[in-house]
2 protein chains.
Amino acid sequence: MRADARKNRDHLLAIARSTVLEQGAQASLRDIARRAEVGLGTLYRHFPTREALLEALLRADFDTLACRADELAQAGDPARSLVTWLHEAIAVTHGFSGAIALMVAAIADEGSALHASCVTLRAAGTRLLRRAQEDGVARRDIDGNDLFALISALAWLADQPPLVPRADHLFDVIADAILPGRPGTPHAGGAPGGSAVQPR
Amino acid sequence: MRADARKNRDHLLAIARSTVLEQGAQASLRDIARRAEVGLGTLYRHFPTREALLEALLRADFDTLACRADELAQAGDPARSLVTWLHEAIAVTHGFSGAIALMVAAIADEGSALHASCVTLRAAGTRLLRRAQEDGVARRDIDGNDLFALISALAWLADQPPLVPRADHLFDVIADAILPGRPGTPHAGGAPGGSAVQPR
DNA sequence: ACCTGAACACCGTTCAAGT
DNA sequence: ACCTGAACACCGTTCAAGT
């Protein structure tokens, strides 16, 4: 790759990152090229589709996430490992609103530039989930696809401005659903007729 | 309202319904007007924003949903009532992919044509949730906003084609999270080291 | 090799002109 | 009252022409 091309590509990525963080994954590609002071054709040459651009923006984080899954799979508590990883997985697309819908679409579309990343993500999650299931701490009736869907839903939720204030709390609620055997806050309403205290 | 205007409006709504079901809530308004064989300005006159059009398409279902909440609040089992209503709430936007994001945005935007419907929906859910909480069967650390967010997330999920096959199952998982005290399938992994049977 | 921007076929939105 | 469609300012995508 020629030096000038490399420079264009890098600059384009930096501008794309800030623009997407500002306007979401549907930001105008024309506008990104304009801000980068580069011809529109140059953007298309480096990133033939919007998915390709997003993939370039997120690739490093995806790779990190896959490594983290392996690290965590060796570390201690399987429940804690899974929850930690879920947090990190959701954080990856945070701020790139609209990107998660493209990722979900990509998992069923082998032609998408995001396909491989999605498959890797799902595989990493599946490993940690299975470990937690074998440990008897995660529900047994969910699989890697379910986990991928739950991650997607939580990531989507965390990128809807009006829902942001509840996102962390709902993460906990859903984590409890996945890991009912985990030592956590006794959230429940208690026995019918009981008088549980009001948390929060 | 003049008879010809009424006719245009009704026809526009019928065409819009089928177009949105086919292409999602971001369907081209120009295309809807074209299919309805009506001037573009006529569409804008009747529905000044995309939200106004969606609202007109969904209003009847929203009203029904609010009534259903009252019915169910009087009927028997609070847990069962809530779950039934949640199912119906999610079904309302089913097929209108992309609509749920507009609704979420609308709940924080009093100027949106969808605002009132969202508020009504949230209020109806809150009533059923509180009843279940008082009955000791729903977790006490969630409120109407959380329920609205969970409905949104499940509705979003159910409109992502690759996730559709898991949507029903994930509904159950999240329903279990909301209603841990409910007599349901013993999904859990059992005690650590235990040998729970494999459901499903 | 790589870059550029005009060209094409679309959009959403507005509004003067018509009936 | 209501309808129409041209006009405007945008898109995404392609591709001939340049360096």
Side-chain angles (χ1 to χ4, degrees), chain A residues 1-20 22-57 96-99 101-103 105-106 109 111-114, chain B residues 1-20 22-57 96-99 101-103 105-106 109 111-114:
Chain A
M1 185 159 175
R2 239 163 58 178
D4 55 340
R6 156 112 276 141
K7 198 178 168 186
N8 270 337
R9 209 191 107 102
D10 292 346
H11 187 223
L12 227 17
L13 273 179
I15 298 289
R17 167 158 265 122
S18 60
T19 306
V20 168
E22 192 185 299
Q23 308 183 1
Q26 291 81 17
S28 158
L29 298 179
R30 219 189 200 90
D31 193 37
I32 291 172
R34 218 150 32 202
R35 292 188 191 204
E37 295 177 296
V38 138
L40 186 47
T42 303
L43 188 152
Y44 274 92
R45 158 172 277 264
H46 288 292
F47 311 104
T49 63
R50 177 173 245 109
E51 282 78 10
L53 179 57
L54 259 330
E55 200 269 345
L57 285 177
F96 291 63
S97 81
L102 294 176
M103 289 186 53
D109 175 12
S112 168
L114 285 166
Chain B
M1 188 157 173
R2 238 163 60 178
D4 56 339
R6 157 109 277 142
K7 197 178 168 186
N8 270 337
R9 209 190 107 101
D10 292 346
H11 187 223
L12 228 17
L13 273 179
I15 298 289
R17 166 158 267 123
S18 61
T19 306
V20 168
E22 191 186 300
Q23 309 183 1
Q26 291 82 15
S28 159
L29 298 179
R30 221 191 199 86
D31 193 36
I32 291 171
R34 219 152 28 206
R35 292 189 191 203
E37 295 178 296
V38 138
L40 186 46
T42 303
L43 188 152
Y44 273 92
R45 158 172 276 263
H46 288 293
F47 311 105
T49 63
R50 178 173 244 110
E51 282 79 10
L53 180 57
L54 259 329
E55 200 268 345
L57 285 177
F96 291 64
S97 82
L102 294 176
M103 289 187 53
D109 175 11
S112 169
L114 284 166

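Quick note: numbers below take in every heavy atom, side chains included, and nothing from hydrogens, waters or symmetry partners. By convention in this document, chain letters (A, B, ...) are assigned in the order of the sequence lines, proteins followed by strands, and residues within each chain are numbered from 1. As the structure is a computational prediction, the values presented were derived from the model and not from experiment.
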ask   = Taking the nucleotide of DNA chain D with the closest heavy atom to each, which residue, B:Leu40 or B:Met1, is nearer the 5' end?
value = B:Met1

query = Atom CG of A:Asp4 to atom C1' of C:dC3: distance rounded to whole Å?
reply = 8 Å

query = What is the distance, rounded to the nearest whole Å, between atom CG of B:Leu43 and atom P of C:dG12?
reply = 10 Å

query = Within the structure shown, what part of the strands sits under 4.0 Å from B:Leu29 by heavy-atom distance: base, sugar-phosphate, or nothing?
reply = sugar-phosphate

ask   = Of A:Val38 and A:Arg30, whose nearest nucleotide on DNA chain C comes first from the 5' end?
value = A:Val38

query = Rounded to the nearest 0.5 Å, what separation is found between the CG atom of B:Asn8 and the OG1 atom of B:Thr42?
reply = 6.0 Å

query = Can a salt bridge be assigned to the pair B:Arg34 and B:Asp31 using a cut-off of 4.0 Å between side-chain N and carboxylate O?
reply = yes

inquiry  = Of the listed nucleotides (C:dG12, C:dA1, D:dG12), which one gets closest to any side-chain atom of A:Arg50?
reply    = D:dG12

note = note: B:Asn8, atom CG; C:dT19, atom C1'; distance rounded to Å ~ 14 Å

key: Check: B:Phe47 and B:Leu29 side chains under 4.5 Å, non-hydrogen atoms   = no

message = Rounded to whole Å, please give me the gap between NZ in B:Lys7 and C1' in D:dC3.
response = 14 Å

task = Using whole Å, report how far NE2 of A:His46 lies from P of C:dC2.
result = 8 Å

request  = Return the nucleotide paired to D:dG18: Watson-Crick means purine N1 to pyrimidine N3 with N6-O4 or O6-N4, wobble means G-U with N1-O2 and O6-N3, both under 3.5 Å.
outcome  = C:dC2

ask   = Is the shortest side-chain N/O distance from A:Ser28 to OP1 or OP2 of D:dC10 below 4.0 Å?
value = no

query = Does C:dG12 have a Watson-Crick or wobble mate here (both distances under 3.5 Å), and if so which one?
reply = D:dC8

query = So, for A:Arg17 and A:Leu57, which heavy atoms are closest and what is the spacing to 0.1 Å?
reply = NH2-O, 2.8 Å

remark   = When rounded to the nearest 0.5 Å, the distance separating NE2 of A:His46 from CZ of A:Arg6 is 9.0 Å

request  = Remember a base hit wins even if backbone is also touched, and classify A:Thr42 as base, sugar-phosphate or nothing at under 4.0 Å, heavy atoms.
outcome  = base

note = Separation of C:dC3 atom C1' from A:His11 atom NE2, nearest Å, is 16 Å

inquiry  = Could you tell me how far apart B:Arg34 (CZ) and C:dA9 (P) are, to the nearest whole angstrom?
reply    = 13 Å

inquiry  = Once you apply a heavy-atom cut-off of 4.0 Å, does B:Arg45 come out as touching a base, just sugar-phosphate, or nothing?
reply    = base

query = Separation of B:Asp31 atom CG from C:dG12 atom P, in whole Å?
reply = 9 Å

